[in-house]
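Everything below concerns the one structure shown next.
Sequence lines set the chain letters: A, B, ... in the order given, protein chains first and strands last, and positions in each chain run from 1. Below, each value reflects all heavy atoms present in this structure, side chains not excepted, and no hydrogens, waters or symmetry copies.
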There are 2 protein chains.
Amino acid sequence: MKPETDARTDTRKKILDLAEVLMLSRGFNAFSYQHISGELGVRNAAIHYHFPKKTDLGVALIERYRRRFARYVEAQAELSPPVQLDRYFSLADTYYNKQQICPSGILSAELHTLPPEMRQSTASFVEEMRTWAVDIVRRGQVAGAMHYVGTPEGMGTIVFAAMQGSLQLARLDSTALDEVKQQIRLLLGMAQA
Amino acid sequence: MKPETDARTDTRKKILDLAEVLMLSRGFNAFSYQHISGELGVRNAAIHYHFPKKTDLGVALIERYRRRFARYVEAQAELSPPVQLDRYFSLADTYYNKQQICPSGILSAELHTLPPEMRQSTASFVEEMRTWAVDIVRRGQVAGAMHYVGTPEGMGTIVFAAMQGSLQLARLDSTALDEVKQQIRLLLGMAQA
DNA sequence: GCGACTCTACTTACTGGTCAGTAAGGTGTC
DNA sequence: GACACCTTACTGACCAGTAAGTAGAGTCGC
């Protein structure tokens, strides 16, 4: 009766949560159903019951990301662009502390080895994230809180690309992420408070 | 006698060349000795003769990159920083046209699944690339050809991170690479000729 | 208030494929 | 005859995926 204790939902969610951690730290190709079932204390076939093919699991993961991201964007719509940027930076710190990289980073790096259904979802997801980054710097410029050369498209795209890249580099050089965050603030003409 | 037709060198080099293409398009974990031996028209064990463990092949690949990169940097030492940046952009275009991403991108994304020897080589390689990017913008600033806020460390790091990220994103959004290149030129205060 | 039925959520047990890696043998060249 | 450079033939591990069976909980007629 109570949906929050529904066994189906529960195991399914646990699988997705574990798969998410594995994908962001090891990549989609480098984890197996064994990794999940072992950690979860069930048999391999139990995972196949919820997600018949690994592709199904992968698509479900990305689609969950897209829904979560859409809610995240909507929930923060009222915040000022500089505050939204700070939240974005905090999110990157969270990934870094968990030894993970961002979803778009691992998915685009592995793209050519992913099944077509996952590529399609990934393309939509990345498009949504880039649009969001462009939007922040555009509204920041309009509001007079951000000042920079070039277009919002160019600036938003470079912010997105640099954050994705620096999260990866930070695995090898712990200063990279902080350095990029600080430089983005400077390039957006924001106080380095 | 003639080293350029030496069978050993020849096959070994062909293996490395094929492995390089495979790694930059599919990733280190997503290609097998079968992929190489099939393409090369030899048996699997022939690859193992030259590179007993896959780790040996991986390390050899990265070390070859480091040597090649060192030669590349030295050969261009006399060029002006803006020209060096253009060469860097052209290199990125080359990767993009071959549907590949840069070595540091795939290696840092896959880092947690790589054998320790490869991680060590990767760390050195990435460090060298970042230092080089910082150097270009530092010398560009000193020469008065580049103008930007912040330190050369911050600016060089963000250029490196953004190029790595945009090469990955360009697989999903073909405009990303050009947009980032153009924005970098603007942020470095260079004419957009 | 109890047996028959049904559905969810697993289990055991298996298949066929791919993988890295090895051992032992062959062949041409210096 | 020694060495470089392969070959054939194999092993054991892991992989995604499937088929068939089962335990338990809920539902229904009656």
Side-chain angles (χ1 to χ4, degrees), chain A residues 1-20 22-23 25-62 110 112-119, chain B residues 1-23 25-62 106 110 112-119:
Chain A
M1 276 291 168
K2 296 177 185 174
E4 71 270 19
T5 51
D6 187 310
R8 175 189 180 94
T9 305
D10 203 48
T11 302
R12 197 187 145 88
K13 186 178 177 303
K14 281 180 186 167
I15 293 170
L16 282 169
D17 290 345
L18 267 170
E20 182 179 318
L22 286 165
M23 188 173 83
S25 58
R26 301 179 49 90
F28 182 74
N29 293 308
F31 77 83
S32 71
Y33 274 26
Q34 273 89 326
H35 288 118
I36 300 174
S37 58
E39 194 82 18
L40 220 66
V42 296
R43 295 295 169 166
N44 226 326
I47 318 292
H48 280 286
Y49 171 76
H50 291 281
F51 302 96
K53 308 288 168 72
K54 202 185 175 190
T55 300
D56 299 325
L57 174 57
V59 170
L61 261 183
I62 305 172
E110 287 190 306
H112 290 341
T113 67
L114 298 180
E117 302 94 317
M118 284 184 69
R119 279 188 237 185
Chain B
M1 275 298 167
K2 296 177 185 174
E4 71 270 18
T5 51
D6 188 309
R8 174 189 180 93
T9 306
D10 203 49
T11 303
R12 196 188 145 89
K13 183 178 178 304
K14 281 180 186 167
I15 293 170
L16 282 169
D17 289 345
L18 267 170
E20 181 178 319
V21 169
L22 286 164
M23 188 173 82
S25 59
R26 301 179 47 91
F28 183 74
N29 293 309
F31 78 83
S32 71
Y33 274 26
Q34 274 90 325
H35 288 117
I36 300 174
S37 59
E39 194 82 20
L40 220 67
V42 296
R43 296 295 171 166
N44 226 327
I47 318 294
H48 280 285
Y49 171 76
H50 291 282
F51 302 96
K53 308 289 167 73
K54 201 184 175 190
T55 300
D56 299 326
L57 174 57
V59 170
L61 261 182
I62 304 171
I106 191 67
E110 287 190 309
H112 290 342
T113 67
L114 298 180
E117 302 93 317
M118 285 184 68
R119 279 188 236 184

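- For the pair A:Tyr49 OH and C:dC7 P, the interatomic distance rounds to 12 Å; values are reported in whole Å.
- The heavy-atom pair separating A:His35 from A:Leu22 by the smallest distance is CB-CD1, 3.8 Å.
- Residues satisfying the salt bridge (charged side-chain N to carboxylate O under 4.0 Å, His left out) criterion with A:Glu39, sequence neighbours excluded, are absent altogether.
- Atom CZ of B:Arg43 and atom P of C:dT27 are 16 Å apart (whole Å).
- In this structure, A:Phe51 has no ring-ring contact (aromatic ring centres under 6.0 Å, His included) partners at least two apart in sequence or on a different chain.
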Please tabulate the protein-to-nucleotide N/O contacts below 3.5 Å involving nucleotides 19-24 of chain C, giving atom names and distances.
{"residue": "C:dC19", "atom": "OP1", "partner": "B:Ser32", "partner atom": "OG", "Å": "3.3"}
{"residue": "C:dA20", "atom": "OP2", "partner": "B:Tyr33", "partner atom": "N", "Å": "3.1"}
{"residue": "C:dA20", "atom": "OP2", "partner": "B:Gln34", "partner atom": "OE1", "Å": "3.3"}
{"residue": "C:dG21", "atom": "OP2", "partner": "B:Lys54", "partner atom": "N", "Å": "2.5"}
{"residue": "C:dG21", "atom": "N7", "partner": "B:His48", "partner atom": "NE2", "Å": "3.1"}

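- B:Glu117 pairs by the salt bridge (charged side-chain N to carboxylate O under 4.0 Å, His left out) definition with nothing, not counting sequence neighbours.
- When the ring-ring contact (aromatic ring centres under 6.0 Å, His included) test is applied to B:Phe31, the partners found at least two apart in sequence or on another chain are B:Phe28.
- Remark: C1' of C:dA9 and CG of A:Asp10 are 12 Å apart, rounded to the nearest angstrom.
- The CG atom of A:Leu22 sits 11 Å away from the P atom of D:dC15 (whole-angstrom rounding).
- Scored by the side chain to side chain contact (heavy atoms under 4.5 Å, CB included) test, A:Thr113 finds A:Asn29, A:Glu110, B:Arg26, B:Ala30 as partners (sequence neighbours excluded).
- In this structure, A:Thr11 does not reach the C:dA9 phosphate: none of its side-chain N or O atoms is under 4.0 Å from OP1 or OP2.
- Between B:Arg12 atom CZ and D:dC5 atom C1' the separation is 14 Å, expressed in whole Å.
- Rounding to whole angstrom units, CD1 of residue A:Ile47 and C1' of D:dG17 are separated by 13 Å.
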